[in-house]
Every structure is written in structure tokens, then in C-alpha cells.
Protein chains: 2
Amino acid sequence: MAVDESCPVCRTAEVVCGKWTLLLVRDLAAGTLRFCELERSLTGISPRTLSLRLRALEEEGIVERHTYPEVPPRVEYALTEKGRALLPLVDGMRAYGERWLARRCEDAVAAALVSDVAAAA
Amino acid sequence: MAVDESCPVCRTAEVVCGKWTLLLVRDLAAGTLRFCELERSLTGISPRTLSLRLRALEEEGIVERHTYPEVPPRVEYALTEKGRALLPLVDGMRAYGERWLARRCEDAVAAALVSDVAAAA
DNA sequence: CAGCATCCGCCGTGATACTG
DNA sequence: CAGTATCACGGCGGATGCTG
């Protein structure tokens with residue numbers, strides 16, 4: 001069943017909810033990047049997924065693609081105005097994550113340190 | 001492959017990315033609601049999914065559950081402080097959706113009207 | 001370098017029926 | 001009323017290999 005189209009919150013959620021979408025926006029916020037640069041900055045993404053996400057964002061008008069007819073081929077990606085309009089949202093999510101969602105590995109490290117100290121004492 | 005835990009944006013995205021999650025937060029923003037009320041306001045959700053989402057949000061401390069030992073049973077759900085902290089984000093998404101993501105059916109209706117008028121002329 | 005083709009597994013979700 | 005149980009499906013994402 002399709003999600004409620006009449007809710008603007010949900011329309012935004014649909015755009016933004018891909019696993020890698022926000023990471024792409026985050027990385028492109030700094031400026032234009034090439035395919036391989038995105039591949040490196042998004043550790044672990046498969047070229048297939050990156051390609052699919054970029055194409056989807058391009059179709060939604062959030063990302064612009066510029067192709068340079070060179071050898072070797074060069075393609076650069078950048079945010080459009082519609083894409084940059086997502087940045088305040090991304091900042092809001094960053095703020096929420098930092099305030100309310102502890103980083104698990106940090107917690108684990110902290111807990112480990114505490115228990116180590118306790119064990120040593 | 002797990003998404004980058006070190007990125008607070010992504011941690012927030014993981015919390016928020018369930019299909020119904022934001023709708024739940026949106027509806028609970030108005031105040032405490034019962035299971036059946038949520039079932040009605042989230043048109044089309046199955047009780048299974050509603051139950052799963054509520055439990056997940058409860059485990060993350062975003063939603064509080066209050067059970068009343070009555071017959072018939074009554075259970076109420078409300079946002080916690082951590083849940084209410086999501087509201088500015090929801091507002092931001094609403095603003096983005098309204099500004100940048102046209103409602104498809106409205107567009108269709110508008111387009112139909114335009115073409116009808118054109119056809120009548 | 002920038003991708004597409006193919007195959008496959010997982011998870012969220014949906015439908016339906018049933019219980020305390 | 002407030003769920004749980006069970007079954008099934010679709011789509012996203014991952015892995016690998018190949019092309020212009």
C-alpha cells in the first residue's frame with residue numbers, strides 16, 4: 001500500500017529515506033564530486049547502488065550531472081537548488097542525532113574503559 | 001552492510017526511515033492517542049505493523065506507552081521529550097515537501113482542469 | 001573511469017485470522 | 001479493545017563480472 005501522498009512530510013520522507021540518499025546530499029553539500037570520489041567517501045557502497053541513487057536523485061531534480069566528453073570519461077555531480085534546500089533538514093537531523101542518539105561504538109568504548117578501570121581497581 | 005554509525009545524520013535517518021514512523025510522530029504530536037485511534041488516523045496500516053512500529057519507537061524512547069488495567073483494555077501512546085524533539089524536524093520536512101514536492105494528485109487535477117478549459121475554448 | 005547486467009538475500013510490509 | 005500468529009511478497013541493497 002502506498003503511503004499518504006497528501007502528507008508533505010511523507011513526500012519528503014520518501015525522497016530522503018533511501019539508505020544512502022542523505023549521505024549523498026551530505027557529501028555533495030561540500031561541492032561538486034565525481035563518481036569515484038563519491039564511491040570513496042561513501043564507504044561500502046556498491047557502484048550499482050550509487051548509480052541507482054544518483055539517477056533517482058537526478059530524476060527528482062535534487063542532483064545535477066555534468067558529463068565531460070573526455071578520455072577517460074569524467075562525470076561530475078552537484079546539488080541543485082532543490083537539493084541545497086535539503087541541507088537545513090540534514091543539519092536538523094545531525095543536531096538531533098548528536099543530541100539524542102549516542103554513537104554506539106563510542107558508548108561501547110566508554111563502557112569498556114569504565115569496566116576496565118573497575119576491573120583494575 | 002550497515003550504514004555509517006559515526007554519522008549523526010544517518011543515525012537519525014535510521015530512526016526516522018520506517019514508512020510509518022513519521023506519520024506516528026506527526027499524529028502523536030497532537031497528544032495522547034489510543035491504539036485504535038492510531039489505526040484509524042494512519043489509514044491503511046495493519047495492526048501488525050502499527051504494533052511493531054510502536055514497539056520499536058518505545059524501545060528507542062521516542063514513544064511512551066501507558067496501560068490501564070481495565071475492561072475493555074485501554075492503552076495510550078504519547079511522545080516523550082526525545083520524541084517531541086523530532087517535531088522541528090518533522091516541520092522542516094513538511095516545509096520542504098510543500099515548497100518542493102508537489103502533490104501528484106493535485107497536479108493531475110490542476111492539469112486536467114487546465115486542459116479541460118483549453119479543450120472547451 | 002563510469003557505468004550497466006545479472007543474480008540473490010534480507011527485511012519491512014501487507015493480508016488474514018485468531019486471542020486475552 | 002489491543003494486540004499476536006502465520007504466511008507471502010516486493011523492493012532495496014549487496015556481490016560479481018563486463019563494457020565503452
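The analysis underlying the following values was restricted to heavy atoms, covering all of them including side chains, and did not include hydrogens, waters or symmetry mates. Numbered from 1 within each chain, the chains take letters A, B, ... in sequence-line order.
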Under-3.5 Å N/O pairs linking protein and nucleotides 5-10 of chain C:
residue: C:dT6; atom: O4; partner: A:R48; partner atom: NE; Å: 2.9

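- Between B:L50 atom CG and C:dT16 atom P the separation is 18 Å, expressed in whole Å.
- The stretch residues 31-39 of chain A touches DNA chain C through A:R34, A:F35, A:C36, each having a heavy atom under 4.0 angstrom from the strand.
- Between the OH atom of A:Y77 and the C1' atom of C:dC1 there is a distance of 11 Å, given to the nearest Å.
- One hydrophobic cluster, built from ILVMFWY side chains closer than 4.5 Å, holds both B:M93 and A:L101.
- Using a distance-only test at 3.5 Å, with no hydrogens or angles considered, no donor-acceptor pair links the side chain of A:T80 to the main chain of A:E64.
- A continuous path of ILVMFWY side-chain contacts below 4.5 Å connects A:F35 to A:L33, so both sit in one hydrophobic cluster.
- Surrounding CD of A:E70 are more than 12 heavy atoms belonging to other residues, nucleotides or ligands, all under 6.0 Å away.
- For the pair A:V16 and A:T21, the tightest heavy-atom approach, listed with the atom from each and the gap, is O-CB, 3.9 Å.
- Close to C:dG14, at under 4.0 Å from its OP1 or OP2, lies a side-chain N or O of B:T49.
- Rounded to whole Å, atom P of D:dC12 lies 16 Å from atom CG of A:L22.
- Contact of the A:L28 side chain with the A:L38 side chain is registered, since non-hydrogen atoms from C-beta on lie closer than 4.5 Å.
- Linking ILVMFWY residues whenever their side-chain heavy atoms come closer than 4.5 Å, directly or via other members, places A:L24 and A:V75 in the same cluster.
- Each of A:C17 and A:P47 was matched to the nucleotide of DNA chain D holding its nearest heavy atom; the match closer to the 5' end belongs to A:C17.
- A:L89 has its side chain within reach of A:T12: a pair of non-hydrogen atoms, C-beta onward, lies under 4.5 Å apart.
- At a threshold of 4.5 Å between non-hydrogen side-chain atoms, the residues B:L79 and B:L87 count as touching.
- Looking at A:L52 and A:R48, their side chains come closer than 4.5 Å, going by heavy atoms from C-beta outward.
- Residues from residues 51-76 of chain B placing a heavy atom under 4.0 Å of any atom in DNA chain C, listed by number, are B:R53, B:P73.
- Rounded to whole angstrom, the span from the CD1 atom of A:I45 across to the P atom of C:dA2 amounts to 14 Å.
- Side chain of B:Y96 to main chain of A:K82: a donor-acceptor pair is present (N/O by atom type, distance under 3.5 Å, no hydrogens or angles).
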